[in-house]
Amino acid sequence: KTEPSNYVGVKNGLNNRYRVLDVSVIQRNGSDPEKHLTITASESLENTQLCILRNGWESVPVVPGDIIHLEGECSSGTWVINQQSGYLVLYPDLLLSGTTISNSIRCMRRAVLSERFKGSESGSRQTLIGTILHEIFQQSVTNNLAREKVEELANKIVYGQKYLREMYHLNLKQMEIMQEVEEYLPSFFKWAEDFLHNPANQNKMQLKLSSHEKPEDLSSKIEIVDILDIEENIWSPRFGLKGKIDVTARVKIHRQSGVQSRIMPLELKSGKESNSIEHRSQVILYTLMNLERRVDPEAGFLLYLKTGTMYPVSGTRMDRRELMKLRNHVAFYLTHSTYKSAVGKEHSQLAALPPVIDDSQACKYCSQIHNCFLYSRAVEQKMASVSFPPAMVPVVETETRHLKPSHLEYFSLWYLMLTLELQSGEGKKGYKNIWMMPSMEREKAGDCVGNMIRVDEVQEISEGQYLHFFQRRNGVIPGTNLLVGDRVVVSGEENGLLGLATGYVREVGVTKVSCLLGRNLSKLPKNTIFRLDHEEGDFGIGVPFENLSKLMRDSQVSERLRNLIIDFHKPRFIQHLSSVLPPEAKETVANILKGLNKPQKQAMKQVLLSEDYTLIVGMPGTGKTTTICALVRILSACGFSVLLTSFTHTAVDNILLKLAKFKVGFLRLGRAQKVHPDIRKFTEEEICRSKSIKSVSDLEEVYSSQPVVATSCMGVNHPIFVRKQFDFCIVDEASQISQLICLGPLFCSKRFVLVGDHQQLPPLVLNAEARDLGMSESLFKRLEQNQNAVVQLTVQYRMNSKIMSLSNMLVYEGKLECGSEKVSNATVSLPNLKKLKLELADASKTWLKEVLDPDTPVCFLNTEKAGCKSSDIGIISPYRHQLKTITDLMGKLKENRVEVNTVDKYQGRDKSIIIVSFVRNSNDDNLGALLKDWRRLNVAITRAKHKLIMVGCVPSLCRYPPLEKLLCHLQSEAMISFFLHAVFIFKCNIL
DNA sequence: TCTCTGCCCAGAGGA
């Protein structure tokens with residue numbers, strides 16, 4: 001099957017989804033062109049309907065295979081979308097924000113680029129003041145607009161904790177901010193007088209609501225009678241829109257003919273009173289989104305906070321239509337960002353972006369200019385079809401002059417791979433299941449809990465964090481993947497209440513779930529039924545795009561990294577330790593070195609001598625954590641600042657837990673929710689709370705208090721890194737991190753150390769084409785070709801010699817050695833073994849016999865009687881389904897603490913006894929990819945310290961080259977017997 | 001052919 005990766009199930013009804021089967025352009029003499037679409041809402045592609053696009057709608061760039069949503073009327077199998085009625089929404093499940101669309105009015109290229117490069121706009125003084133003013137106004141208008149209350153609130157917010165980070169980032173003082181904020185406040189009160197409760201009489205405006213109004217009725221007096229919501233979050237899968245509405249208000253419109261009441265959107269602006277088309281468009285889009293939740297407001301308001309002036313904005317059919325066409329265009333570019341060339345049908349290529357506009361004035365202030373020129377130079381210049389404003393050609397040339405052809409190639413290759421990966425991710429996850437799938441159905445996959453009502457009071461834990469309690473309406477919550485700490489989206493079960501709030505899972509009980517949400521939902525009707533969906537957005541892909549862009553910048557840091565990473569410049573080392581080792585640190589360093597083995601000491605030395613980077617190969621069980629910990633201690637003893645990172649929070653905390661035992665202070669960045677409880681006291685969040693940090697200078701002190709800062713690779717967007725450069729950056733698990741993600745922390749330091757083992761599992765890449773193009777090559781792997789930068793940790797303390805020998809034979813060419821005699825000879829301690837052996841000898845049916853008996857299709861090797869702790873046993877399999885079967889069977893055992901998990905999840909861990917279930921038992925040609933990867937096998941066989949038991953069908957497994965090698969070795973070593981150190985059990989049809 | 005982690009986010013203004 002060759003379904004497009006963004007395949008969505010088609011369906012009828014309110015959220016209808018049609019697949020376009022055919023597109024034809026009809027041009028009759030003398031009449032306007034039309035586009036006729038053959039569409040279907042059935043999976044079998046039968047029951048086609050016709051959709052006719054007229055009056056400009058024919059320009060929608062729809063192609064066969066696209067998914068569309070239709071609004072309007074369908075009579076006898078034909079939809080007509082024209083000037084008066086109907087909308088065509090292209091890729092409706094791609095929700096675009098109001099600002100994205102209004103930004104695209106001036107330059108669609110910029111709108112598309114900002115969807116990819118989200119962090120490029122780094123914020124400014126004005127945006128921060130705008131955000132703060134929004135909050136002051138929103139809170140005042142809901143609670144109290146009395147002068148002294150507003151002043152008090154403004155003080156609380158400006159001198160509070162919430163915006164300190166951004167102030168630090170922009171190097172602003174709270175005083176300056178407060179001064180500027182105060183200038184706005186009188187306008188707040190003027191606005192209140194004009195529009196709130198008994199509004200002043202001079203408030204008269206021309207407000208058009210529907211096309212049938214009498215001219216004398218346009219003149220209206222506006223009265224805001226109630227504030228229903230602030231920052232209301234709306235997802236509209238009907239129009240393919242999303243957005244947050246500043247203020248949702250009940251408005252009374254006083255007119256000659258009488259009074260009308262409406263619920264309308266109010267958009268706040270703190271900048272210049274422009275009443276611009278962009279601002280107005282935003283309001284019009286909000287009126288459309290409002291249709292998801294209430295009757296058509298037909299209009300909204302634009303309120304300029306500087307003056308208190310409020311403009312009416314009508315959502316006329318014409319404006320809505322044009323904005324939806326614009327949305328479709330942006331959606332088209334985002335969806336069709338790659339194409340398969342006609343010749344080599346298998347190869348994807350990057351498509352052109354929307355054209356560069358010919359407006360040097362607008363480009364001058366554009367935040368995406370760098371990415372715009374980069375894409376043009378690296379990707380589009382090779383395309384014959386892309387026409388380019390001649391005036392811009394030399395500008396692009398100049399702006400990208402610092403890049404060599406190799407850099408441009410790297411950019412376009414990685415841009416392509418990231419785009420492909422993004423498409424795969426969207427197809428698999430995506431938010432769309434929240435509205436396209438009933439909760440009942442989604443519960444089966446475990447990604448959702450539906451049929452919940454809110455119980456108990458909502459508790460405000462801290463600013464903007466509300467603890468909610470949900471209870472299953474009847475019965476218990478079915479098996480769910482939802483775990484404590486996961487991100488969730490809370491929606492109403494009924495249509496239109498999508499995406500009410502997002503937050504984190506606090507606790508999961510049998511019938512109850514508690515969540516920490518960003519919004520207080522207590523205002524919703526008591527009987528609202530909720531669903532909680534596991535949030536699986538595409539957030540992560542923004543980081544590598546951003547890092548790719550950063551790597552191409554015209555800056556010293558970027559140039560250095562380009563030289564090292566793209567052009568493979570040789571890493572440099574200095575000759576003598578004396579120049580880096582301060583005399584006063586010598587004793588401390590010597591003491592730390594005492595606890596290390598030879599290769600570990602060598603690694604320390606290499607890092608200290610490095611001027612660019614060092615790669616530490618940490619083979620299984622060689623004490624990577626100990627090594628990193630020692631490294632951090634030595635570096636900080638020498639007076640260096642260190643940035644410590646890894647891909648996962650768990651891995652970062654693993655090192656920190658060890659580091660905390662020594663006298664090395666550190667600052668842990670990242671959400672406290674995600675941090676190990678014992679490390680939480682070192683997080684920014686906790687420190688700021690306990691020290692009640694309330695000023696920028698206090699915060700500065702916290703940030704500069706520790707020479708060691710630890711965070712995940714994705715967390716390097718923190719403002720601290722804008723102003724601080726580290727001497728060394730250490731990246732753990734580096735062989736498992738995608739190249740561009742690994743790059744993030746490297747921008748923040750002078751030198752770096754990557755720790756990993758490329759013989760273990762590589763970074764995960766979903767898209768096969770991206771993988772073939774080289775996307776799973778980690779930075780660690782890429783740089784490993786510079787052997788002079790590599791040190792290997794070969795002395796291991798995990799496996800006994802027999803277990804170690806397997807992996808030595810398979811991948812490490814005999815380099816691995818045991819750390820001591822004790823390690824080498826260690827065996828599992830089974831206190832009751834003697835007794836068991838007697839029992840086994842007695843009984844005619846020994847348990848081993850049972851295992852081998854063909855009449856026992858399912859069995860478990862029960863070591864319970866032998867007396868080791870169940871927590872010392874781990875069961876590993878490449879396949880989730882297998883694990884589920886095993887877990888279900890083991891659920892019946894009491895006192896069961898055996899850990900069952902995938903090979904992938906077991907990487908970095910060990911157990912005394914490991915049982916590997918290989919599952920595969922078939923003679924067909926579907927071999928599957930998982931077992932072909934010798935790195936996965938290497939991980940699987942290097943987890944056990946004392947005993948490794950493998951279960952599988954030998955003839956089947958022999959067809960996998962890595963396993964074949966292993967099995968031959970096992971056979972030759974006669975490792976096929978009971979209670980040897982490594983056992984292989986011949987068994988077909990097992991489990 | 002079935003392996004899965006990371007992130008707050010849409011909008012804060014500027015011309």
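None of these values were measured; they are calculated from a predicted model. All values below come from the heavy atoms of this structure, side chains included, with hydrogens, waters and symmetry mates left out. Proteins come first, then strands; the chains are lettered A, B, ... in the order of their sequence lines, and each starts at number 1.
Between A/T99 and B/dG11 there is a side-chain polar atom (N or O) within less than 4.0 angstrom of OP1 or OP2. Taking 4.0 angstrom as the limit, A/Y286 places a side-chain polar atom (N or O) nearer than this to OP1 or OP2 of B/dG11. Considering only side-chain N and O atoms, A/K905 lies under 4.0 angstrom from the phosphate OP1 or OP2 of B/dT5. Contact annotation: A/S712 side-chain N/O to B/dG6 OP1/OP2 distance is not under 4.0 Å. Within the structure, every side-chain polar atom (N or O) of A/S738 is placed at least 4.0 Å from both OP1 and OP2 of B/dG6. A sub-4.0 Å separation between OP1 or OP2 of B/dG13 and a side-chain N or O of A/S270 is present.
The distance from atom CZ of A/F545 to atom P of B/dC7 is 19 Å, rounded to the nearest whole Å. Rounded to an integer number of Å, the gap from A/L95 CG to B/dG11 C1' is 16 Å. Atom C1' of nucleotide B/dG6 and atom CG of A/N717 are separated by 13 Å, given to the nearest angstrom. Between the P atom of B/dC2 and the CZ atom of A/R771 lies a distance of 11 Å, rounded to the nearest Å. In this structure, the CG atom of A/L761 is 13 Å from the P atom of B/dT3, given to the nearest Å. The distance between atom OH of A/Y504 and atom C1' of B/dC9, rounded to the nearest whole Å, is 11 Å. Going from atom CG of A/N103 over to atom P of B/dG14 covers 14 Å, rounded to whole Å. Atom P of nucleotide B/dT3 and atom CD of A/Q736 are separated by 16 Å, given to the nearest angstrom.
Annotation: cation-pi geometry not satisfied between A/R165 and A/Y168 (NZ/CZ under 6.0 angstrom from ring centroid, within 45° of ring axis).
Considering only the side chain of A/T131, B/dA12 comes nearest among B/dA12, B/dC2, B/dA10. Listed candidates were B/dA12, B/dC4, B/dG6. Nearest to the side chain of A/T127 is B/dA12. Ranking B/dC4, B/dG6, B/dA12 by closeness to the A/H649 side chain, first place goes to B/dG6. With B/dG11, B/dG13, B/dT3 as the candidates, the nucleotide lying closest to the side chain of A/S97 is B/dG11. The listed nucleotides are B/dA12, B/dT3, B/dG14; the one nearest the side chain of A/R936 is B/dT3. When the nucleotides B/dG6, B/dT3, B/dA15 are ranked by their closest atom to the side chain of A/F647, B/dG6 comes out on top. Here the nucleotide nearest the side chain of A/L764, chosen from B/dC4, B/dA10, B/dA15, is B/dC4. For A/R487, taking side-chain heavy atoms from C-beta onward, the closest of the listed nucleotides B/dC4, B/dC8, B/dG6 is B/dC8.
Looking at A/R880, its side chain has no donor and acceptor atom pair within 3.5 Å of the base of B/dT3.
A/E267 comes within 4.0 angstrom of the backbone, heavy atoms only, and of no base. Within the 4.0 angstrom heavy-atom criterion, no nucleotide atom of any strand lies near A/K364. Within the 4.0 angstrom heavy-atom criterion, only backbone atoms of the sugar-phosphate kind lie near A/G98; the bases stay farther away. Residue contacts shown for A/Q282 are limited to sugar-phosphate atoms, with no base heavy atom under 4.0 Å away. Residue A/K272 is classed as a sugar-phosphate contact, given heavy-atom separations below 4.0 Å to backbone atoms only. Residue A/S124 is classed as having no contact, given no heavy-atom separation below 4.0 Å to the nucleic acid. Residue A/D246 is classed as a sugar-phosphate contact, given heavy-atom separations below 4.0 Å to backbone atoms only.
For the C1' atom pair drawn from B/dC8 and B/dA12, the interatomic distance equals 15 Å after rounding to whole Å.
Side chain of A/S877 to backbone of A/S917: a donor-acceptor contact under 3.5 angstrom is found.
Sequence order on DNA chain B of the closest nucleotides to A/T902 and A/I245 puts A/T902 first from the 5' end. Along DNA chain B, the nucleotide nearest to A/H881 and the one nearest to A/C366 differ in position, and the one closer to the 5' end is contacted by A/H881.
Checked for salt-bridge contact, A/E273 and A/K306 miss the test: no charged N lies under 4.0 Å from a carboxylate O.
For the side-chain hydrogen bond (donor to acceptor under 3.5 Å, both in side chains) test with A/T100, the passing option among A/S104, A/S97, A/S102 is A/S97; the others fail.
Counting non-hydrogen atoms of other residues, nucleotides and ligands closer than 6.0 Å to CG of A/N717 gives a total of 12 or fewer. A 6.0 Å sphere centred on CD1 of A/I461 holds more than 12 heavy atoms belonging to other residues, nucleotides or ligands.
Residues that satisfy the salt bridge (Lys or Arg N to Asp or Glu O under 4.0 Å) test with A/E232, not counting sequence neighbours, are A/R293, A/R294.
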